[in-house]
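Remarks on the structure that follows.
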Number of protein chains: 2
Amino acid sequence: MQAKPTMEDVAHRAGVSRSLVSLVFQGADNVSDARRAAVLAAAEELGYRPNRLARNLAQGKSMTIGAVVDDLHNPFFGTVIDGVEQHLTQHGYQLMIANGARDAEVTVAAASTFNELQVDGIVLIGARGPMEPLYDLARRVPTAMIARQIKSDLLDSVRVDEHVGSRLVIDHLHRLGHRSIAHIDGGEGASAGERREGYEIAMRSVGLEAHIDVVPGEFTHEAGAKAAVTLAERGSMPDAVFAGNDLIATGVWLQLERMDVSVPSDVSLVGYDDAPFIGIGQVGLTTIRQPSSEIGSRAAELLLDRIDETPDSGRHEAIAPTLVERSSTESA
Amino acid sequence: MQAKPTMEDVAHRAGVSRSLVSLVFQGADNVSDARRAAVLAAAEELGYRPNRLARNLAQGKSMTIGAVVDDLHNPFFGTVIDGVEQHLTQHGYQLMIANGARDAEVTVAAASTFNELQVDGIVLIGARGPMEPLYDLARRVPTAMIARQIKSDLLDSVRVDEHVGSRLVIDHLHRLGHRSIAHIDGGEGASAGERREGYEIAMRSVGLEAHIDVVPGEFTHEAGAKAAVTLAERGSMPDAVFAGNDLIATGVWLQLERMDVSVPSDVSLVGYDDAPFIGIGQVGLTTIRQPSSEIGSRAAELLLDRIDETPDSGRHEAIAPTLVERSSTESA
DNA sequence: CCATCGTGTTGGAGCGCTCCAATACGTGAA
DNA sequence: TTCACGTATTGGAGCGCTCCAACACGATGG
């Protein structure tokens with residue numbers, strides 16, 4: 001690692017002032033061509049790279065946005081990030097990502113670090129845990145939240161209406177003649193609660209309250225497999241399983257197959273998210289599709305608005321999801 | 001957004017000097033309990049958060065590492081990141097992630113930004129494109145590379161021996177009696193070239209050079225589906241398909257099913273990476289397992305060593321992968 | 001020929017912090 | 001009581017940059 005040249009070095013070499021070098025690197029237009037060329041040449045020769053840390057400190061802004069993602073392994077979040085990133089780069093912002101590792105404290109810590117790093121805004125993707133620390137954060141730095149139902153003037157949010165999603169699932173299964181429909185939930189995961197609620201509401205509204213059966217889980221493949229075991233150990237399998245998301249669904253599916261229970265002939269299975277890989281194999285997974293990329297870019301848009309001018313109220317948008325019917329579900 | 005209090009403000013409120021506040025926040029031990037308490041109280045009351053930007057600038061280090069990931073959607077990279085992150089946090093470093101979006105220029109740009117942001121080190125995960133700009137980067141900031149075969153003293157690297165992996169695949173298929181084995185490659189993706197080479201070498205060594213058939217692809221689900229169409233349009237299907245990675249394999253699989261070609265009875269299919277979801281369904285995908293998390297943590301370890309003390313030579317490690325036999329392959 | 005203007009350029013202060021040398025202040029030894 | 005010493009605290013310089021007021025200077029107009 002050679003010692004890093006600074007603007008001062010470049011200025012000296014080019015025979016101009018530090019200020020002039022600064023102007024050149026900011027792309028100012030009132031710099032004579034000769035000097036500009038001299039500066040650029042000197043910078044090139046020295047291998048000079050601007051120190052953005054110093055620049056950000058001096059300017060008081062960083063043109064970067066921090067995103068904290070609840071789980072990097074969740075393909076849904078991956079697509080959301082695409083949307084966020086696309087919108088941000090279009091507007092000259094840089095996106096920096098940190099992993100929340102499905103842990104509320106890690107999430108808050110990562111977000112705080114972003115704050116201390118003076119990012120211009122923060123996007124929380126599927127953040128879990130108590131809202132208070134997150135509100136506290138939102139008071140300090142413009143924040144947008146994705147995939148969680150909240151109502152606050154401190155930040156904006158975009159999510160899918162999970163009650164509608166759950167309703168679509170239950171209606172679909174009910175129409176196919178299934179009665180005992182178990183739900184494996186996402187535990188503490190963002191929107192896990194709403195999906196669970198939506199499931200219960202929907203079950204009631206089709207007269208299946210007696211069959212309400214929530215198996216506690218997590219938004220992971222492993223939790224899905226574990227839940228399948230739990231179901232099996234109870235003796236009688238339900239007619240159908242509504243998994244909290246696709247990751248859970250694939251875990252359930254794999255485990256059921258291992259136990260010689262087949263999908264869909266023995267049990268119908270529905271996921272949630274429409275991850276890219278779940279159409280695979282003889283049997284595609286019936287699931288709920290969320291416009292993930294759009295959700296991401298919309299959240300980014302709200303965030304940039306908020307950075308421009310802090311509004312006195314929060315904007316909270318909920319988008320209706322749709323059911324994608326494949327072959328992991330069939331009539332009873 | 002309330003105006004941000006600075007150390008000066010805290011110092012003033014606590015009736016001490018700015019330096020003392022600094023000492024408290026650095027956890028210095030030679031500060032009297034009374035003053036420390038006063039400082040902490042003042043900070044609390046003002047809602048003070050240290051500005052890490054300023055701190056990093058003054059200290060000349062940031063205790064953060066930047067990772068540029070070729071493709072956030074690739075589950076293999078996700079697990080690699082886990083490994084990297086685990087090792088780094090253990091050693092007090094923070095991990096910041098940026099997306100390379102499967103594009104060499106985006107990758108270099110992201111890495112440069114990290115450099116300008118004065119990160120202490122950079123991890124390139126599956127970086128593609130010409131090495132020159134990456135070497136240039138490695139000259140400025142300690143760098144480690146994952147999943148790409150290189151030989152340079154400027155940086156360290158950890159990867160899987162792709163030739164061994166390809167060899168395992170071909171041997172497996174050959175032993176099952178398959179002869180025409182097509183390979184769908186990962187295009188410009190890191191290690192795509194080595195897998196392709198490995199495929200060709202292995203095919204030759206089992207006497208199948210006449211059947212060498214590389215279908216150009218990309219490390220994505222979509223490219224896999226497209227390649228399946230390409231194969232189908234040629235009239236005769238190969239006996240088996242060796243997909244460049246699991247993403248491609250799932251794409252191929254899905255598309256084959258759509259075209260009524262079944263796996264494995266009509267075509268045996270092998271993937272690469274052992275992504276968590278591919279065991280799903282009646283038929284699990286036979287694939288190559290890489291110890292991804294270990295690869296990540298090992299790379300992080302090499303990087304931290306390099307940060308401690310710049311070595312005059314690069315360390316390049318290659319780990320042998322293993323074959324996981326599931327049911328997407330069967331005898332001819 | 002001098003005042004006026006505009007384009008280019010510059011020095012200095014400042015962003016919020018760290019770090020070091022210098023200082024203040026007890027405390028125990030002489 | 002005095003001196004030396006160690007501990008706690010402080011002011012100032014500096015990290016690499018931006019921004020602004022000030023300035024130099026050739027071109028313009030009366």
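Numbers restart at 1 for each chain; the letters A, B, ... are given by sequence-line order, proteins then strands.
Whole-Å rounding puts the A:L117 CG to C:dG16 P distance at 16 Å. As rounded to whole Å, 14 Å separates atom P of C:dC15 from atom CD of A:Q118. The separation between A:D29 atom CG and C:dG6 atom C1' is 14 Å, rounded to whole Å. The CG-C1' distance, from A:L57 to C:dA13, rounds to 14 Å in whole Å. Atom P of nucleotide D:dG16 and atom NZ of A:K4 are separated by 9 Å, given to the nearest angstrom. Here D:dG16 presents its P atom at 14 Å from CG of A:L46, a figure rounded to the nearest Å.
A heavy-atom distance below 4.5 Å is found between the side chains of B:L124 and B:T143. Within the 4.5 Å cutoff, side-chain heavy atoms of A:R52 are placed close to those of A:T64. At a threshold of 4.5 Å between non-hydrogen side-chain atoms, the residues A:L134 and A:V108 count as touching.
At distances below 3.5 Å, not a single donor-acceptor pair connects side-chain atoms of B:R159 with backbone N or O atoms of B:I150.
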Worksheet item: What does nucleotides 17-26 of chain D look like as a protein-contact string, B for base, S for sugar-phosphate only, - for none, at under 4.0 angstrom between heavy atoms?
Response: BBB-------
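Remark: A:H91 pairs with A:H87, A:Y93, A:L304 by the side chain to side chain contact (heavy atoms under 4.5 Å, CB included) rule, at least two apart or across chains. For A:Q26, the side chain to side chain contact (heavy atoms under 4.5 Å, CB included) test picks out A:S22, A:R55, with sequence neighbours left out.
The bend of the helix from C:dC1-D:dG30 to C:dA30-D:dT1, defined by the angle between the axes of its first five and last five pairs, stands at 60° to the nearest 10°.
Contact annotation: B:S32 does not reach the phosphate of D:dT7 (side-chain N/O to OP1 or OP2, under 4.0 Å).
Applying the ring pair (Phe, Tyr, Trp, His ring centres under 6.0 Å) definition to pairs two or more places apart or across chains, those involving residues 34-86 of chain B are B:F25-B:Y48. Pairs engaging residues 147-158 of chain B under the side-chain hydrogen bond (donor to acceptor under 3.5 Å, both in side chains) rule: B:D156-B:R306, B:S157-B:H316 [sequence neighbours left out].
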